[in-house]
There are 2 protein chains.
Amino acid sequence: MTGAETPSILTKAFDLLHAFNPHERVMTLSELSRASGLPKSTVHRLLARLVDLGAVEHHRSGYKIGVGLLQLGASTPAGYMRDLAMPYLANLHRWTGQTVAFAVLREFDVVYLEKLAPHDSPSSIAQVGSRLPANCTAIGKILLAHENPDDLAAFLPSPMPGMTPHSITDVPTLIAQLRTARSEGVARETDEAQLGLSCVAAAVPMNGFAVGAVSVGFPTDTAMPAQLESALRDTASQVAKDVENGLAKGRAHWFPREI
Amino acid sequence: MTGAETPSILTKAFDLLHAFNPHERVMTLSELSRASGLPKSTVHRLLARLVDLGAVEHHRSGYKIGVGLLQLGASTPAGYMRDLAMPYLANLHRWTGQTVAFAVLREFDVVYLEKLAPHDSPSSIAQVGSRLPANCTAIGKILLAHENPDDLAAFLPSPMPGMTPHSITDVPTLIAQLRTARSEGVARETDEAQLGLSCVAAAVPMNGFAVGAVSVGFPTDTAMPAQLESALRDTASQVAKDVENGLAKGRAHWFPREI
DNA sequence: ATGCAGAGTTCCGACTGTCGGAACCTCCAC
DNA sequence: GTGGAGGTTCCGACAGTCGGAACTCTGCAT
């Protein structure tokens, strides 16, 4: 659909980087070759280049993503916002004892910038850097709720994706939820992204837009304190204040869309 | 010294990515062209590719590093360790109210994986992803202290780099400090990385190696609680326990060197 | 309205880096 | 010893890349 894609070594390089299975340990050249579908000699050449560039690290036992990429990832404006938000997220994490997440909206997806999970947490799908459909997450809903309702039509995918039987895939239902979320200042979600997990989220506002959102996720059968929602709103507005301050001093005009 | 470097589009692509000034807002094509030293048409072509790949994002006002890179950066084994460490780092940050950092050793450099700074902190040099000479930081010292003393010789750069007049650049002095750091379980640093800032660090041990280290940084003229050092050691050993657990279940044999 | 300046985009022929099969090397297990 | 898997090197054909130059567009000063 997108037309003929121009082949490029860059594409292969990124395919290769994405072939690193985050759940695996260090990977060998052959494993990477199979995972990426690229010929061994090509992988060999690419890896050598990537090692030179610090994007990949080599050790006796194999290859792994290099810490050099971490630096690049942190340079995104969203990463800067994350730094400012961290202390507040940490407080919220400590107070609730549950999973706290911070994310931004990209197209119709939520992209997680940070996640603070309890030590014993069942590994949730949301990982730092991962993308989830906005309609299936509390964070996504509160972010969508701050979008211009007219623009929203362009975002919404024709058949909205679902992750569980409880996911909201009906447009009118979603629109209704967004309206109430907007007025309440928080969005909720129950078993819609992952069975057994629920979530509440509040947005970090800036000039009327939502540049990001904070959420607390917890087992659906767990009772959360009544003040949870106001704590979320407080956290989000504290972050907002810091972001505006941080941008004011030292940085030129920022537009919400630039995060 | 490294011999003739093979030109590659990959090199240019990374030069371009590094040309993004982390302290600036979104950058324009022309700015990037000047910053990277690459011709405009080349930058144009490269950016188009990188946008396709999600490494760069485009908006009316310019280009910025994309959140796609965040995902890759988080996939490094070190990033996994960081996830496990976060809650403990957050506790330490809350308890001390000072800057908490988490880093690993790469060659003779310390690479910061995480930094939790107080809201009003004077921006320190250490940023997520940044590299600092090991001999100038408390984290670096405690990590070096856990290296095999024989291997150490290969690491130590002939003229050790200094960052302030207080930096330790004398080999015997450093070796002596490493020895006491090893026996005490913590390393210290005063004005050696940045004037007016001090730091204490403890290592996260694994099979006798140090896979990472935690530090608390504070203004040199600030008195820190007496229990700071034991709190640091506790934090580090909690992280170590989680790391060993995390690796044990689900992941194959890990070697300390693989982080 | 006019002209200038800088940003962004497109074009195209020369060039050169890239491609990947195949042969080769190394280590370990049986 | 032998088989097999992982890793490395080679090289000729090919195709992607290069970047100067020309062009458009927008904003601003005159």
Side-chain angles (χ1 to χ4, degrees), chain A residues 2-21 24-66 77 252-255 257-258, chain B residues 2-21 24-53 55-66 77 251-255 257-258:
Chain A
T2 57
E5 301 183 1
T6 310
S8 161
I9 180 181
L10 276 180
T11 310
K12 297 186 183 184
F14 272 76
D15 285 349
L16 187 55
L17 288 174
H18 284 294
F20 279 91
N21 184 333
E24 274 313 322
R25 67 186 203 302
V26 170
M27 293 178 80
T28 69
L29 186 147
S30 299
E31 286 172 335
L32 287 168
S33 170
R34 275 178 306 234
S36 64
L38 298 167
K40 262 204 304 183
S41 57
T42 300
V43 172
H44 184 65
R45 183 167 9 95
L46 276 177
L47 283 175
R49 297 252 156 86
L50 291 171
V51 168
D52 274 349
L53 296 168
V56 167
E57 291 172 15
H58 186 39
H59 211 265
R60 177 177 51 76
S61 30
Y63 296 88
K64 63 188 173 195
I65 301 270
H253 307 291
W254 278 50
F255 301 96
R257 284 300 179 197
E258 292 185 352
Chain B
T2 56
E5 300 183 2
T6 310
S8 161
I9 181 180
L10 276 181
T11 310
K12 297 187 185 185
F14 272 75
D15 285 348
L16 187 55
L17 289 175
H18 284 294
F20 278 92
N21 184 332
E24 272 314 323
R25 66 187 206 300
V26 170
M27 293 179 79
T28 69
L29 186 148
S30 299
E31 286 172 335
L32 286 168
S33 170
R34 276 179 305 238
S36 64
L38 297 168
K40 263 203 305 183
S41 56
T42 300
V43 172
H44 185 66
R45 185 165 8 94
L46 276 177
L47 283 176
R49 296 254 156 86
L50 290 171
V51 167
D52 274 349
L53 296 168
V56 168
E57 292 172 13
H58 185 40
H59 211 267
R60 177 178 51 78
S61 30
Y63 296 88
K64 62 188 174 194
I65 302 271
R251 309 209 176 201
H253 308 291
W254 279 51
F255 301 97
R257 284 303 179 197
E258 292 185 351

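Here the structure is a predicted model, which is why all the values come from computation and not from measurement. As a basis for the values below, the full set of heavy atoms in this structure was taken, side chains included, without hydrogen atoms, waters or symmetry mates. In what follows, chains are A, B, ... by sequence order, proteins preceding strands, each numbered from 1.
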### Query
Taking the side chain of A:Ser30 as its heavy atoms from C-beta onward, which of D:dG20, D:dG7, D:dT17 lies nearest to it?
D:dG7
### Task
Report yes if at least one side-chain N or O of A:Arg49 is closer than 4.0 Å to OP1 or OP2 of C:dG17; otherwise report no.
no
### Message
Nearest whole Å is fine: how far is D:dG16 P from B:Asp52 CG?
### Response
15 Å
### Task
Provide, to the nearest angstrom, the distance between the NE2 atom belonging to A:His59 and the P atom belonging to D:dG7.
15 Å
### Message
So if I take every side-chain heavy atom of B:Arg45 and compare against C:dT18, D:dG19, C:dT9, which nucleotide ends up nearest?
### Response
D:dG19
### Query
Reckon B:Arg34 has a side-chain N or O less than 4.0 Å from the OP1 or OP2 of C:dA7?
yes
#### Entry: Which atom of B:Met27 lies closest to which atom of B:Ala35, heavy atoms considered
CE-CB, 4.4 Å
### Message
Tell me the interatomic distance from B:Asp15, atom CG, to D:dC18, atom P, rounded to whole angstroms.
### Response
12 Å
### Task
Taking B:Thr28 for its side chain and B:Gly62 for its backbone only, find out whether a donor-acceptor pair lies under 3.5 Å.
no
### Task
Compare all side-chain heavy atoms of A:Val56 with those of A:Leu17 and state whether any distance is below 4.5 angstrom.
yes
### Query
Side-chain donor or acceptor of A:Lys40 under 3.5 Å from a matching atom on the base of D:dG7?
yes
### Message
Need one value for A:Thr28: base, sugar-phosphate or nothing, where a base atom within 4.0 Å counts as base even if backbone is also close, heavy atoms only.
### Response
sugar-phosphate
### Task
Measure from CE on A:Met27 to P on D:dG6 and round the result to the nearest Å.
12 Å
#### Entry: Pairwise 5' ranking along DNA chain D for B:Ile9 and A:Gly62, keeping only the more 5' one
A:Gly62
### Message
Measuring to OP1 and OP2 of C:dC19, would you say a side-chain N or O of A:Lys12 lies under 4.0 angstrom away?
### Response
yes
#### Entry: Nucleotide nearest A:Ser41 when distance is taken to its side chain, options D:dC10, C:dT18, D:dG19
D:dC10
### Task
Take the protein atom OH of A:Tyr63 and the nucleotide atom P of D:dG7, then report the distance between them rounded to whole Å.
7 Å
### Task
Take the protein atom CG of A:Leu38 and the nucleotide atom C1' of C:dG21, then report the distance between them rounded to whole Å.
15 Å
### Message
What I'd like to find out is whether the side chain of B:Leu29 reaches to under 4.5 Å of the side chain of B:His44, using heavy atoms alone.
### Response
yes
### Between C:dA7 (P) and B:Leu47 (CG): distance, integer Å
15 Å
### Query
What nucleotide among D:dT8, D:dG19, D:dT17 has an atom nearest to a side-chain atom of A:His44?
D:dT8
### Task
Figure out the CG/C1' separation between A:Leu29 and D:dG6, and round it to whole Å.
8 Å
### Query
So, is B:Thr42 close to the D:dC18 phosphate, meaning a side-chain N or O under 4.0 Å from OP1 or OP2?
no
### Message
I'd like to know if the side chain of B:Ser36 reaches the main chain of B:Leu32, judged simply by a donor and an acceptor atom lying under 3.5 Å from each other, with no hydrogens or angles considered.
### Response
yes
